[in-house]
> 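Encoded as structure tokens, here's the structure I'll be asking about.
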There are 4 protein chains.
Amino acid sequence: MRATTSSTRRRGRPRKIAGPDDILAAALRVFAATGYSRARLEDVAREAGISKAALYLYFDGKQAIFEALVRSAVVPNVERLEALVAGWQGNSADLLRNLIQAIGRLVIESELSAFPKLIVAEAANFPDLAQFYRTQVIERVLGVLASIVSRGVASGEFRPADPALSARLVIAPLLFSTLWKTCFVRDDEPRFDPAPLLSLHVETLIRGLA
Amino acid sequence: MRATTSSTRRRGRPRKIAGPDDILAAALRVFAATGYSRARLEDVAREAGISKAALYLYFDGKQAIFEALVRSAVVPNVERLEALVAGWQGNSADLLRNLIQAIGRLVIESELSAFPKLIVAEAANFPDLAQFYRTQVIERVLGVLASIVSRGVASGEFRPADPALSARLVIAPLLFSTLWKTCFVRDDEPRFDPAPLLSLHVETLIRGLA
Amino acid sequence: MRATTSSTRRRGRPRKIAGPDDILAAALRVFAATGYSRARLEDVAREAGISKAALYLYFDGKQAIFEALVRSAVVPNVERLEALVAGWQGNSADLLRNLIQAIGRLVIESELSAFPKLIVAEAANFPDLAQFYRTQVIERVLGVLASIVSRGVASGEFRPADPALSARLVIAPLLFSTLWKTCFVRDDEPRFDPAPLLSLHVETLIRGLA
Amino acid sequence: MRATTSSTRRRGRPRKIAGPDDILAAALRVFAATGYSRARLEDVAREAGISKAALYLYFDGKQAIFEALVRSAVVPNVERLEALVAGWQGNSADLLRNLIQAIGRLVIESELSAFPKLIVAEAANFPDLAQFYRTQVIERVLGVLASIVSRGVASGEFRPADPALSARLVIAPLLFSTLWKTCFVRDDEPRFDPAPLLSLHVETLIRGLA
DNA sequence: CATGAATGAGCCTTCATTCAT
DNA sequence: TATGAATGAAGGCTCATTCAT
């Protein structure tokens, strides 16, 4: 891999020409639209406003672009979630409510909603990437959630329950929602609103854990 | 589409040559391994023990094979679930326990576990198929689950809750488990066992709904 | 080549099953419709009411069918033309008029109108067949026509002119007409009527030769 | 269709690499040799000195190459004929003599002699192209010829005769000659010389029309 | 005689990747 | 740094031909 996301060469001037970040942004759009295999580098290039060959100035190829995309776009958000939890003062149930909303905004409503679909689709073809995503994204998020459950159990808010497993119960409906939105909602349908489902989820879960 | 799954011409003799069913079985294996796009028809043919050209005796092409696979392999199991619910005598909580176990066996432990990944991966490329899967599989399963919730609410077992949304909460951890198993579990890891998660899920859910 | 046109096995019973003649008739229709290369043996078989494999009971393959078709369908008509001329009693101009009409009926209005197009299209791929057609069809017809011109010159009806070349002038408009009909007349146009052109042709020609 | 024949980007330097024009020239040779269906794009590419894939930089596929070939190579010559007639000063008979010679050079002796065979062969498979050829080539040439006949009739050189039909009589021997040359003349024969036939044709025709 | 089933060879087309400029 | 041009490799699909029954 030749490039990191942090573009190395801005000199204060307003950027005109496309750098690695623009390429990754373009790649996200194109990959999200058709999946990795059917995505054509030509489209990524056009979307980024550069030539196909120029992609190779920044990345080693299609696969490298995909990997860089995943590595760069997701981890910062995980860190943000970890920070949110680390700084939390209130009770565990409220934290859980907050976190589920936060993850929901990220994974269902933002541009990042394309990732779960993409990762799932290409996991078999990119084992390394899948493991990266598992350890750096999924397991870290699960870890955060498990810590909340642990805290709630310790404080007596929740009944004793395996925190690792409970964490999985927390994110499952979020995964469901994002895949539902990115795979099954037709264009002619009213915009998918995950809020009611997430509300019911968090309340049922808190009640179930209580 | 040229072929239905039920081959019409067996005469009691043990079939040696590969028919549509064998092709679909082979296709399931190959598609599950690499995804639709990277799957090569040549591999499907070899796996089925026939020539590439012979595939075209039964199906109109790669896409048709994929569609036939989805259409033929999943719906019967949906019907089995519907039948299970229709004939149920006991209380709703037990039915829910049973159903979750049944779906788990199907979608996590059987060969069918490849489908969620495949469908998710190819939804954008096969909108019709995605809609077929949504209406004929997902929504029917959700409908079954919603009816159970409704029944439980009516009988006083469960507190009032939107059945349609609740149904989504029921399957979400099942979806999570399948995708976890098919995408992220490494070969060198101990065999993935969904049972603990599903146990916790069903008990927490029932408690949350109570 | 394994079969001749004359079917060998009729025993007086009304024929039900398709023999070589039926195959050639079917082949003529199919070849005429799409040309040799795009014609599929499967269509020939269906058109003949037999299986694809059965074609090989009578012919050695696609090429052989095409060759048999050409060899069988055209030569008899050449012989008929030769007979017409051999038995002619009247003057040369009338004979020419008659012959042009006769050839016109054959080559423009009958099923045989497909041949010129087919032969022209495939001449490069079937050099032997092209030579066969040249010597057994074209040159024999040219010979007949040349003999008429010779006779007319000898009798003083026509001015001295190279009979071989003149013969080519005689058939050229017939070739034009058949190709026009089989290649350029659209289906939505009124049926192509070659009569006016042929009338003008023969009168102009006779006047030109006089 | 993606390319026009007139390449837009020469900068005075001697062109080394093959452009659309070279491809069409190569395609003409290959198609002329084996006909459209049997022609392999690989041969066209090799003949043009480029790779198979490079063909797709300029054309959308085999069919597009064929269509571009027909559209680009023939029409300009039709326009040249029309100009010849428009500027003619002498009598109609001489014009006719000149025009037949000109068409003969084009259609029998130049590289274009392959077109009639090709068009005839593929008319059924390319109805649009056949109609294009009919309206843009054949009918325009026939129109030119008909105008000459009309002029001759008006001036009293020719007896009254349907100009449209007469025009067909004019080109018929030219068509015959081309097809004879491209389909039936063997390589081991002396070079086909159309001159005697065309001489006889034009003199006989003029005499017949007089 | 007849066929359903099967196949091998061939070709068009796509696209990630390279390279001279 | 940037690109237009070019390509090699790969895969889906077709169809004439064969063969066991």
Side-chain angles (χ1 to χ4, degrees), chain A residues 9 16-19 36-45 48-66, chain B residues 9 11 13 15-20 23 37-45 48-65, chain C residues 9 16-19 36-45 48-66, chain D residues 9 11 13 15-19 37-45 48-65:
Chain A
R9 88 213 124 71
K16 269 291 167 44
I17 49 181
Y36 176 82
S37 289
R38 287 173 63 110
R40 301 183 313 147
L41 245 30
E42 188 166 352
D43 293 334
V44 174
I50 60 174
S51 74
K52 221 187 337 174
L55 296 176
Y56 288 82
L57 297 174
Y58 299 102
F59 299 99
D60 278 339
K62 188 182 189 180
Q63 188 156 334
I65 291 177
F66 184 52
Chain B
R9 87 213 120 69
R11 304 168 216 156
R13 288 181 300 143
R15 296 197 311 104
K16 271 291 169 44
I17 51 181
I23 293 172
S37 290
R38 288 172 63 109
R40 301 183 312 146
L41 244 30
E42 190 165 350
D43 293 334
V44 175
I50 59 176
S51 73
K52 222 190 332 175
L55 296 175
Y56 290 82
L57 295 175
Y58 300 102
F59 299 98
D60 280 337
K62 191 181 186 183
Q63 186 158 337
I65 291 176
Chain C
R9 86 211 124 73
K16 269 291 168 45
I17 49 181
Y36 176 83
S37 288
R38 286 173 62 109
R40 302 184 310 148
L41 247 28
E42 189 165 350
D43 293 334
V44 174
I50 60 174
S51 75
K52 221 189 332 176
L55 296 176
Y56 288 82
L57 297 174
Y58 298 102
F59 299 98
D60 279 339
K62 188 183 190 182
Q63 189 156 334
I65 291 177
F66 184 52
Chain D
R9 89 216 116 70
R11 302 166 218 158
R13 287 182 299 145
R15 297 198 310 104
K16 270 291 169 45
I17 50 181
S37 292
R38 289 172 63 110
R40 301 184 310 145
L41 245 28
E42 191 165 350
D43 293 335
V44 175
I50 59 175
S51 74
K52 223 186 335 173
L55 297 176
Y56 289 84
L57 296 176
Y58 300 102
F59 300 98
D60 280 338
K62 190 181 188 183
Q63 186 158 335
I65 291 177

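Model, not experiment: these values are computed from the prediction. Proteins get letters first, then strands, A, B, ... in listed order; numbering begins at 1 in each.
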> Under 4.0 Å between any heavy atoms, over every strand shown, what does A:Ala45 touch: base, sugar-phosphate, or nothing? Just pick one.
nothing
> Nearest 0.5 Å please: distance from the CD atom of A:Gln63 over to the OH atom of A:Tyr36.
5.0 Å
> Can you check whether D:Tyr58 has a side-chain N or O nearer than 4.0 Å to OP1 or OP2 of F:dA5?
no
> Send over the distance from A:Tyr56 OH to F:dT3 P, rounded to a whole Å.
15 Å
> Could you check how far CD of D:Glu42 sits from C1' of F:dA10, rounded to whole Å?
14 Å
> If pairing requires Watson-Crick or G-U wobble contacts with both distances under 3.5 Å, which nucleotide is the partner of E:dA20?
F:dT3
> When the nearest nucleotide of DNA chain E is assigned to B:Ser51 and to C:Ala54 on a heavy-atom basis, which residue is associated with the more 5' position?
C:Ala54
> Rounded to whole angstrom units, what separation is found between the CZ atom of C:Phe66 and the C1' atom of F:dT17?
19 Å
> Find the distance B:Leu55:CG to E:dT7:C1' and express it as a whole number of Å.
11 Å
> Starting at the 5' end of DNA chain E and moving along, which residue's nearest nucleotide shows up first, C:Gly49 or D:Lys62?
C:Gly49
> What's the spacing between B:Ile50 CD1 and B:Ile23 CD1 if we round to 0.5 Å?
4.0 Å
> To the nearest 0.5 Å, tell me how far D:Leu55 CG sits from D:Leu41 CG.
5.0 Å
> Can you see which heavy atom on D:Arg38 is nearest to which on C:Ser37, and at what distance?
CG-OG, 4.0 Å
> How many whole angstroms separate atom CG of A:Leu57 from atom C1' of F:dA2?
6 Å
> Quickly work out the C:Lys52 NZ to F:dC19 P distance and round it to whole Å.
15 Å
> To the nearest 0.5 angstrom, please state how far the OH atom of D:Tyr56 sits from the OG atom of D:Ser51.
11.0 Å
> Roughly how many Å is it from CZ in A:Arg40 to P in F:dA10, rounded to a whole number?
20 Å
> If I take atom CD1 in residue A:Ile65 and atom P in nucleotide E:dC15, what distance separates them, rounded to the nearest angstrom?
15 Å
> Mapping C:Arg38 and B:Ser37 onto DNA chain F by nearest heavy atom, which one lands closer to the 5' end?
B:Ser37
> Taking the side chain of B:Ala53 as heavy atoms from C-beta outward, which of E:dG8, F:dT3, F:dT7 is closest to it?
E:dG8
